[in-house]
Amino acid sequence: MHREKEVLLKIKNAQTYFPVQKGLFKRTVGHVRAVDNVSLDVYRGETLGLVGESGCGKTTLGKSILQLVPVTGGEFIYNFDGDEKDLRKLSSEEMMQARKRLQIVFQDPYSSLNPAFTIFGSLQDPLKKFGVRSRAERKEIIGDLLEAVNLRREYMHRYPHEFSGGQRQRIGIARALSLQPELIICDEAVSALDVSIQAQVLNLLLELKEKHKLTYIFISHDLSVVEYMSDRIAVMYLGKIVELAQAKDLFDHALHPYTQALLSAIPVAEVGRKRERIVLEGNVPSPVNPPSGCAFHPRCPHAMELCRARTPELRKYVLDGREHHVACHLAEQRVGTAAQTSQIPEVEQHATN
Ligand code: SF4
């Protein structure tokens with residue numbers, strides 16, 4: 001939980017658009033708006049879950065933070081021990097230094113480990129780059145890292161193909177930890193693993209977070225996994241954040257029809273308890289040509305004329321003293337219902353993040 005609420009990363013109006021090119025001369029005929037005006041604070045020490053269907057922009061947002069894709073606009077203000085700097089404005093040397101603090105764990109660690117190198121070979125590279133000159137010292141650090149992710153030190157002499165998927169993901173986590181980062185973006189980090197192995201890796205991530213005082217941005221299409229990991233959850237649809245709240249609040253009182261539909265698809269573990277399934281019509285529309293107004297309107301069971309004409313802003317409400325952000329024209333009405341349920345009817349001012 002973010003006790004002191006120190007902002008580690010402030011994202012302001014982030015836009016990442018990819019050009020759509022056609023013909024012999026690769027004329028730009030449009031843009032995929034993968035991330036479309038996203039504003040978001042990430043607090044030091046929290047786990048912020050990022051969810052949505054495939055193609056909603058959550059992975060691109062993660063890569064945009066790390067400047068791994070060309071970002072079109074906006075600011076990514078990172079708190080370097082009290083010194084706030086926009087990651088987009090750093091020189092390549094400064095960005096390389098910043099990468100010590102910001103790391104990523106990918107879905108498929110196999111593709112990010114060089115099959116021709118032993119684990120020692122792969123993990124020593126960043127250490128070398130950041131000044132650990134002695135081979136013996138690198139060996140010691142890598143041995144410690146492997147032990148930290150519950151693998152044996154001597155595994156450093158093995159090749160990636162000698163490990164199972166779960167072990168490879170542990171190695172991916174060890175590599176992300178090697179430079180003692182502050183913020184780790186876990187991008188579908190357990191999606192490729194069996195359920196039993198998923199639980200082990202999730203618990204390991206929680207343990208490491210506590211031990212190393214880490215901040216996570218946890219990206220997944222799986223809401224149950226995100227609920228297990230996160231303090232707050234942001235829901236993305238077609239490049240925008242449509243709802244953002246404390247994990248429990250989002251699960252108890254989802255206010256956006258899209259979030260409600262996603263939640264309705266999660267099986268309920270309790271015997272005799274059923275959740276009414278909301279089936280969404282159609283697929284996620286193309287981000288090249290998003291629908292007018294609220295981009296969710298073609299699939300929304302509550303769509304009105306206003307929804308087709310006007311894009312709802314992401315607004316901040318306060319329920320039970322906790323912030324809940326939602327982008328829907330019906331939000332105020334729904335906040336009333338949620339407030340009645342929680343018995344503290346309070347609706348606060350508008351905000352953009
Ligand atoms: Fe549905 Fe309208 Fe709300 Fe969009 S703004 S989610 S279309 S009710």
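In listed order, ligands and their atoms are each counted from 1. Positions are given from 1 along the sequence.
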Exercise for review: Can you label the angle between the Tyr237 ring and the Phe296 ring as parallel, tilted or perpendicular, going by 30° and 60°?
Suggested key: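 Ring orientation, 0 to 90° scale: perpendicular.
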Check your understanding: Hey, which protein N/O/S atoms does atom 1 (Fe) of ligand 1 have under 2.8 Å?
Key ->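 Result, waters dropped: Cys300 SG.
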Review point. With the threshold set at 4.0 Å, does a side-chain nitrogen-carboxylate oxygen contact exist between Asp41 and Lys12?
Key: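 Here Asp41 does not pair with Lys12 in a salt bridge, since their nearest N and O are not under 4.0 Å apart.
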Practice item. State plainly whether the residues Lys10 and Glu75 are in salt-bridge range, i.e. N to O under 4.0 Å. Key: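 The answer is no: the pair does not qualify as a salt bridge.
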Practice item. Considering non-hydrogen atoms only, spot the tightest contact between Ala116 and Tyr159 and give its length. Key: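 So the two residues come closest at O-CE2, 3.4 Å.
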**Study point:** Remaining members of the apolar cluster that contains Leu24, side-chain heavy atoms under 4.5 Å
**Key:**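 For the cluster that includes Leu24, the remaining residues are Phe25.
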Practice item. Measure from NZ or CZ of Arg33 to the centre of the six-membered ring of Tyr17, then state whether that distance is under 6.0 Å and the direction lies within 45° of the axis. Key: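 Checked: cation-pi criterion met.
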